[in-house]
Amino acid sequence: MTLPEVQNVISEKKICILIPTYNNEKTLKRVIDGVLHYTGSIIAVNDGSTDSTSQILAQYPHIVVISLPENKGKGNGLKTGFRKAKELGYHYAITIDSDGQHYPDDIPVFVEALLKEDKDVLLIGNRNMSQDGIPKKSSFGNRFSNFWFWFETGIKLEDTQSGYRLYPLLRIPKKYYTPKFEFEIEIIVRTAWRHVPVKNVPIKVLYDPAERVSHFRPFKDFTRISILNTILVVITLLYIIPRNFVNNFKKKSFKRFLKEDVLESDGSNRTKAFSIALGVFIGLSPFWGFHTLLVISLSVLFKLNKVLAFIASNVSLPPFIPLVIAASLFLGSPFVHGDSNILSSELDFQLIKNNLLQYVIGSAILATSMSALCGIITFIFLNKLNPENN
């Protein structure tokens, strides 16, 4: 695209450039000057800087400057900028870091990618993390973040930590719970949960130790990110996956759901049979309260079909629990010596211990045998329907 074309699209699509900054006096002016080459629609958020940032921003009276009295973190600065952008009527915001690692001449990359989409999308700059000069801790942190983003959303990206992004302001969440670096993880995960596509676009990156000032605190911020990912994983397992499953089921007839989401889903017949077997095994095992967490986690670990495993694990739904417990006690009774009559009028510690042991042994037998049986039946059934998918 030519420069006038880029400028026209920025205006027509109501795109602004958001620059959060904190004590980056060495690189801030260069970043702003580079952005001004493409647009004057700039919002700079001075997040309590104590260097000459205020004097530098004062040289640009035609851009919107928000000065916060104290530093509260990058996430807080971005949230403040998003609110202002929406107040001013912008529909998209391209965020660019002020530490000089991003090149303003990559703005057309985001603009062109947005034009190719037929609906709102969140774009994240994909840096070449294998190039010379990239700190190993940054490369590791990015891989770590990519994995958990995939686990939480099902979307595979090559870079989830870049601050060079295009946000669809009308589709991102309105309320957030994190104020610092972890905010950039929260917002992309929760936006993806709202069924907004999240994609990478290729960008350049510059790591210049002489100029770049990073405010990332390895121990504190990594701990905060880890806590956030733990919470997001729990929400994914207990709410997002079941919600998506129910929504898919509601949108389709049972026949279509069975065909598209189960029979013709990814994986061989053997993988699907193992998925069913895993779900039945977990569902009949005495892991009450943790069935969903375990079945999804193990499905991801062993690369099985999460939908099939989740469906099969519901063999232990509340109406079936009495039958599962009764069958487990029956199967475990031959392996327990002494009185194990649960209906006995005199309950003591030994009786309770025997009943518990009887149940645990029986449930292990029940889970293993039913898991194997269901897996074999599923494999035979799928083989007859689609013998080539082995």
Side-chain angles (χ1 to χ4, degrees), residues 3 6-7 10-11 14-90 92-108 110 125 127 133 135 138 161-167 169 176 178-184 187 203-218 220-221:
L3 178 59
V6 172
Q7 293 171 331
I10 289 175
S11 177
K14 298 181 179 180
I15 302 172
C16 71
I17 312 298
L18 175 58
I19 308 175
T21 185
Y22 173 62
N23 287 354
N24 284 128
E25 60 183 2
K26 293 181 179 180
T27 52
L28 177 59
K29 189 176 189 308
R30 185 176 78 229
V31 172
I32 295 176
D33 289 341
V35 172
L36 284 172
H37 182 67
Y38 297 95
T39 179
S41 300
I42 299 174
I43 299 175
V45 181
N46 180 5
D47 190 22
S49 298
T50 56
D51 59 3
S52 63
T53 293
S54 296
Q55 289 81 359
I56 294 171
L57 292 175
Q59 300 173 23
Y60 301 93
H62 300 300
I63 71 174
V64 177
V65 176
I66 302 172
S67 296
L68 303 179
E70 59 180 307
N71 177 253
K72 292 187 177 180
K74 186 178 182 182
N76 183 67
L78 288 171
K79 285 183 280 187
T80 302
F82 290 152
R83 284 195 298 268
K84 187 64 176 179
K86 285 193 280 189
E87 287 175 10
L88 295 174
Y90 293 108
Y92 300 92
I94 296 177
T95 59
I96 181 170
D97 291 346
S98 63
D99 60 3
Q101 69 164 300
H102 300 148
Y103 289 81
D105 62 13
D106 275 328
I107 288 176
F110 290 92
R127 303 162 294 176
S138 296
Q161 288 198 314
S162 171
Y164 209 170
R165 303 176 176 186
L166 181 144
Y167 290 98
L169 296 174
Y176 304 94
T178 53
K180 298 185 182 295
F181 284 100
E182 69 274 16
F183 169 81
E184 291 184 297
I187 190 171
I203 61 168
K204 303 182 292 294
V205 65
L206 171 66
Y207 276 83
D208 186 349
E211 288 190 334
R212 184 171 181 264
V213 178
S214 174
H215 303 290
F216 185 84
R217 301 161 301 176
K220 287 186 177 180
D221 288 317

Enquirer: Under 4.5 Å between any side-chain heavy atoms of D106 and I96, yes or no?
Expert: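 Side chain of D106 against side chain of I96, heavy atoms only: no contact under 4.5 Å found.
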
Enquirer: Please enumerate all residues that pass ring pair (Phe, Tyr, Trp, His ring centres under 6.0 Å) together with Y164, with sequence neighbours excluded.
Expert: H102, F110

Enquirer: As an exercise, state the distance from OG of S162 to CD of Q101, rounded to the nearest 0.5 Å.
Expert: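 Answer for the OG-CD pair, S162 versus Q101, is 6.5 Å.
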
Enquirer: Could you state the interatomic distance from NZ (K29) to CG (N24), rounded to the nearest 0.5 Å?
Expert: 15.5 Å

Enquirer: Please examine the side chains of K79 and I187, heavy atoms only from C-beta on, and report whether any two atoms are closer than 4.5 Å.
Expert: no

Enquirer: By the definition side chain to side chain contact (heavy atoms under 4.5 Å, CB included), identify the one residue from L78, I42, I94, T80 that meets it with L18.
Expert: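 Only one option passes, and that is L78.
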
Enquirer: Show me the donor-acceptor pairs, under 3.5 Å and distance only, between side chains in residues 58-73 and residues at least two apart or in other chains.
Expert:
residue	atom	partner	partner atom	Å
Y60	OH	D33	OD1	2.7
N71	ND2	D47	O	3.1
N71	ND2	D47	OD2	2.8

Enquirer: Tell me the closest heavy-atom pair linking G48 and Y22, and the distance in Å.
Expert: O-CE1, 3.5 Å

Enquirer: Could you tell me which residues satisfy ring pair (Phe, Tyr, Trp, His ring centres under 6.0 Å) with Y176, sequence neighbours excluded, listed by chain and number?
Expert: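 Ring pair (Phe, Tyr, Trp, His ring centres under 6.0 Å) list for Y176, sorted by chain: F183.
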
Enquirer: Side-chain contact test, heavy atoms from C-beta onward, threshold under 4.5 Å: evaluate it for K204 versus D105 and give yes or no.
Expert: yes

Enquirer: How would you list, by chain and number, every residue that makes a side chain to side chain contact (heavy atoms under 4.5 Å, CB included) with A93, sequence neighbours excluded?
Expert: C16, F82, L169

Enquirer: Of all heavy-atom pairs between L36 and G40, which one has the smallest distance, and what is that distance?
Expert: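 That would be CD2-CA, 3.9 Å.
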
Enquirer: Just verifying a value: how many Å separate N23 CG and D99 CG, rounded to the nearest 0.5 Å?
Expert: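 Answer for the CG-CG pair, N23 versus D99, is 12.5 Å.
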
Enquirer: Quick check for you: to the nearest 0.5 Å, what is the distance between T27 atom OG1 and D97 atom CG?
Expert: 9.5 Å

Enquirer: I need the L88 CG to S41 OG distance, nearest 0.5 Å.
Expert: 9.5 Å

Enquirer: With sequence neighbours excluded, what pairs up with S11 under the side-chain hydrogen bond (donor to acceptor under 3.5 Å, both in side chains) test?
Expert: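 Scan of S11 (side-chain hydrogen bond (donor to acceptor under 3.5 Å, both in side chains), adjacent residues dropped) gives none.
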
Enquirer: Taking all non-hydrogen atoms of both residues into account, name the closest pair between S98 and T21 and its distance.
Expert: OG-OG1, 2.9 Å

Enquirer: Enter the distance from E182:CD to K74:NZ here, rounded to the nearest 0.5 Å.
Expert: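 Here the rounded value is 12.0 Å.
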
Enquirer: Quick one: closest heavy-atom pair of V6 and P108, and the distance?
Expert: CG2-CB, 3.9 Å

Enquirer: Do I203 and R127 come close enough that some side-chain heavy atom pair is under 4.5 Å?
Expert: yes

Enquirer: Apply side chain to side chain contact (heavy atoms under 4.5 Å, CB included) to E25 and list each qualifying residue two or more places apart in sequence or on a separate chain.
Expert: D51, S52, I56

